[in-house]
Undergrad: 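This is the structure I want to talk about, given as structure tokens.
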There are 4 protein chains.
Amino acid sequence: MTQPSRASIGAKRNPATETAVLAAAQDILAEGGIQALTMEAVAKRARASKATLYRWWPSRARLLLAVYSASKDSLPTPDTGSLHGDLVAYVGAMLRHWSEMPEGRVLRHLIAEAQSEPAVMEALKAQRAARWHHIRQLLDRAAARGELAPGLDVAACETRIAALAWFWLLTDTIPTPADLPTEIDQLLAPVLAPAG
Amino acid sequence: MTQPSRASIGAKRNPATETAVLAAAQDILAEGGIQALTMEAVAKRARASKATLYRWWPSRARLLLAVYSASKDSLPTPDTGSLHGDLVAYVGAMLRHWSEMPEGRVLRHLIAEAQSEPAVMEALKAQRAARWHHIRQLLDRAAARGELAPGLDVAACETRIAALAWFWLLTDTIPTPADLPTEIDQLLAPVLAPAG
Amino acid sequence: MTQPSRASIGAKRNPATETAVLAAAQDILAEGGIQALTMEAVAKRARASKATLYRWWPSRARLLLAVYSASKDSLPTPDTGSLHGDLVAYVGAMLRHWSEMPEGRVLRHLIAEAQSEPAVMEALKAQRAARWHHIRQLLDRAAARGELAPGLDVAACETRIAALAWFWLLTDTIPTPADLPTEIDQLLAPVLAPAG
Amino acid sequence: MTQPSRASIGAKRNPATETAVLAAAQDILAEGGIQALTMEAVAKRARASKATLYRWWPSRARLLLAVYSASKDSLPTPDTGSLHGDLVAYVGAMLRHWSEMPEGRVLRHLIAEAQSEPAVMEALKAQRAARWHHIRQLLDRAAARGELAPGLDVAACETRIAALAWFWLLTDTIPTPADLPTEIDQLLAPVLAPAG
DNA sequence: AACTAATCGAGACGGTACGTCTAGTCTTTCG
DNA sequence: CGAAAGACTAGACGTACCGTCTCGATTAGTT
């Protein structure tokens, strides 16, 4: 057989199709960036039909989301003994991931497309919850060590870190690995002078 | 003449055209949202030709940016006597602006389109610099009052606030006016326990 | 069971399927016209699978043909005593059939689709032979009565009548019952002046 | 210039576009037959955009019609001295045209598509009126010669001839040039025996 | 009683064309 | 000479059918 045809396997979803489509999408992303990732191009590359694409990923945004979700994030959460060190390690790995892989661009577009598609917004939120969970672990470890200020709202603190990372991503101002420790320093530093 | 035709005024730019185009764009935004704002629609509504549009705003993103920039920001910077009070007032006004006007949506899309168009990214940065300047004023006033922790990096602190606001905007989690004081509280609270 | 599923009845054709398919096709024709009659729609309506459809009616045209053939033609061939009267009665009944039932539209499309599918062309010819046979009977009766011109080619004459009927059908100029006698008159009238 | 781009020539229809589209359509017809003539293929071949195609030819049928109309019919109407001879010459030329050029197939499909599109039906009728006009001339000449039967309805007679030609076309039974004189003979022969 | 063979409903699949939409470019004509 | 008008290329969009396929269930004959 000259063409490795991937026909129907009966009245049920062919997992090979999903694999092929996501792989094609990732390849296109890596080669031509996000604006090259059209449904048409993915279909062609994956040797899938547009009908199949739209059956399982009803919009471009949903496909983008699937691609983003499929990107495994094996980010480390090493125990360096201090919150500062842990954050430098973890956030640094994440920023590197965003900078060097297409995932950063995808995320940025997902954020935009989430506006028009509530489903994407929802999915993005779920994604975020799963992914930022690691930060909570770092904070919990710091609390166990007695590093945290008494009465600190851990959730708000988590948001503070996430927000900064997003801001860096979205404004194209991701700090270099060398600068990151200073940035984390500033993030953890108190704003107000101690009362009294 | 039944139609107030806006012909050429000679060999120079007609300022009425710019006004008409921006007004048309804003109307369309208000009526049909961001995806209704096509170059074609704006040209038609403004009774301008597409050529004229493209002469002055070379891409859709640039037009969006112009619309966003044209939105007057008469945000107040009242002196409430404390950084906390000032931030609640100022950030609250900004969030209300984002929530209730089309500007919020426009900004979100601009962020996305800035990726593909460096010019937009640049312009967005300039915009940000001009707008967030007010926060710097609040921080400076607080410093004069002796509120701030010694050695605080004011720029980093400003970023911290801006980042949080963007995050709220982009994740559709803008806090209600009632919740805002608590959020600002958390933002200003120290993370780490005082070294002792 | 709420749905009276029409499963296989073993290693032979299930006659209920044919019935259901043809009924569904006729219903769709009546409701949505000829362009609504897609294989997909018929399969869905008949609760038959597309595979089953294609097994027995290998193309849309063949299905159309089956629908057309299934329409009983109980056209009368009364003996009115003259060829003119017989033709008015018979052709009139046929034209009424074409005008008032979906069959007229089906036939028109069959004619078109016959071009691409020789099988349909063939089947249509057979159909025609069977159906126009009645005209031959009328002509034979007329011959027995001595009505016909000596040396007349009956087959050519039959074609002449059929051609005119098709032409009326295809150009949407089917004469009204009131006009038909005149038309038949014209059809039978000699073109050339008698020689000599 | 490597690409002979055919841009707009201002706010009016570019005749080069129409030419290119019709030429492309004719080429496709000649090469791949009628089912190869898709709007997509024509657009691609003519280097025209689909938008332009649909602007001027709102449907495939309209495009087909334009192609058919564009085919000049320089059919001769020689004066052979008898109606029979004239018809053999004229109808023979027309049948040859239908047999040897793609026009025959196009006409067959136009007839079919005219059913769904009244506009095409109308246009086809106009086309027919213009084209069959020649037959009227032949009949008029015959009348002047005193060939025709007194009281003959010339319009009905014309229809009779046209109907037969269409029938031959549509049933794939176009007579050979050798057989045509006999067929015309039959067409002109009286059906009924002379009264008396 | 097990096995074979064919039928059936279901629906996924690769394709292809549809008709619509938007972006951005271009030329003519008018004032 | 600028502006309006609008035709033009390019190509993505999402939809609809096409005709083929595999699955799993079903049942009539055969062994």
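Lettering of chains follows the sequences in order, A, B, ..., and the numbering in each one begins at 1.
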Undergrad: Strictly below 4.0 Å: does A:Arg47 bring a side-chain N or O up to OP1 or OP2 of E:dG15?
TA: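 For A:Arg47, the contact criterion (side-chain N or O under 4.0 Å from OP1 or OP2 of E:dG15) is met.
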Undergrad: Nearest-nucleotide wise, let me know which of C:Thr52 and A:Pro15 is further upstream toward the 5' end of DNA chain E.
TA: C:Thr52
Undergrad: Taking C:Asp172 for its side chain and D:Met121 for its backbone only, find out whether a donor-acceptor pair lies under 3.5 Å.
TA: no
Undergrad: At under 4.0 Å, does any side-chain N or O of A:Ser8 touch on OP1 or OP2 of F:dT22?
TA: no
Undergrad: Indicate yes or no for a side-chain donor-acceptor contact from D:Arg60 to the backbone of D:Leu37 under 3.5 Å, with no hydrogens or angles considered.
TA: yes
Undergrad: Which nucleotide in the list F:dA5, F:dG14, E:dT25 gets nearest to the side chain of A:Met39?
TA: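 Selected nucleotide: F:dG14.
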Undergrad: Counting only side-chain heavy atoms from C-beta out, which of F:dA16, E:dC13, F:dT9 sits nearest to D:Ala51?
TA: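 Among F:dA16, E:dC13, F:dT9, the one nearest the side chain of D:Ala51 is F:dT9.
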Undergrad: Using whole Å, report how far NZ of C:Lys44 lies from C1' of F:dC18.
TA: 15 Å
Undergrad: Taking OP1 and OP2 of E:dC13, is either one under 4.0 Å from a side-chain nitrogen or oxygen of A:Arg6?
TA: no
Undergrad: Counting distance only, does the side-chain N/O of D:Arg6 pair as donor-acceptor with the main-chain N or O of D:Ala46 below 3.5 Å?
TA: yes
Undergrad: Counting only N and O atoms by type, is there a donor-acceptor contact under 3.5 Å from the side chain of A:Thr19 to the main-chain atoms of A:Pro15?
TA: yes
Undergrad: Where each residue is assigned the nucleotide of DNA chain F containing its nearest heavy atom, which of C:Pro58 and A:Tyr54 is assigned the position nearer the 5′ end?
TA: A:Tyr54
Undergrad: From CD of B:Gln35 over to P of E:dA23, roughly how many Å is that when rounded to an integer?
TA: 12 Å
Undergrad: Provide, to the nearest angstrom, the distance between the CG atom belonging to A:Asn14 and the P atom belonging to F:dC21.
TA: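 The distance from CG of A:Asn14 to P of F:dC21 comes to 15 Å, rounded to the nearest Å.
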Undergrad: Using a 3.5 Å distance criterion without hydrogens, assess whether the side chain of A:Ser69 forms a donor-acceptor pair with backbone atoms of A:Leu65.
TA: yes
Undergrad: Side chain of B:Ala48 only, heavy atoms from C-beta on: which candidate in E:dC8, F:dA4, F:dT9 is closest?
TA: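 So the nucleotide nearest the side chain must be F:dA4.
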Undergrad: How long is the line joining CG of D:Leu64 and P of E:dC18, in whole Å?
TA: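 The answer, rounded to whole Å, is 11 Å.
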Undergrad: Name the residue closer to the 5' end of DNA chain F, choosing between C:Ala41 and D:Arg13 according to the nucleotide with the nearest heavy atom.
TA: D:Arg13
Undergrad: Can you check the D:Arg62 CZ to E:dC18 C1' distance for me, whole Å?
TA: 18 Å
Undergrad: Salt bridge or not for D:Arg45 and D:Glu31, using N-O below 4.0 Å?
TA: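 Between D:Glu31 and D:Arg45 there is a salt bridge, with a charged N closer than 4.0 Å to a carboxylate O.
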Undergrad: On DNA chain E, does the nearest nucleotide to D:Gly10 precede the nearest nucleotide to A:Ala46 from the 5' side, or the other way round? Give the residue.
TA: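 Here A:Ala46 is the residue nearer the 5' end.
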Undergrad: In whole angstrom, what separates A:Glu40's CD from E:dG14's C1'?
TA: 14 Å
Undergrad: Could a donor-acceptor pair under 3.5 angstrom be found where the side chain of D:Lys12 meets the base of F:dG6?
TA: no
Undergrad: Can you check the C:Ile9 CD1 to E:dG9 C1' distance for me, whole Å?
TA: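 After rounding, the gap between these two atoms is 14 Å.
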Undergrad: Under 3.5 Å, is there any donor-acceptor pair linking the side chain of A:Lys50 to the base of E:dG14?
TA: no
Undergrad: How many whole angstroms separate atom CG of B:Leu53 from atom C1' of E:dC26?
TA: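 That distance rounds to 16 Å.
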Undergrad: Within the pair D:Trp56 and F:dC8, is there a side-chain N or O less than 4.0 Å away from OP1 or OP2?
TA: yes
Undergrad: Determine: side-chain N/O of B:Ser49 to OP1/OP2 of F:dA5, distance under 4.0 Å, yes or no.
TA: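 No, B:Ser49 has no side-chain N/O under 4.0 Å of OP1/OP2 on F:dA5.
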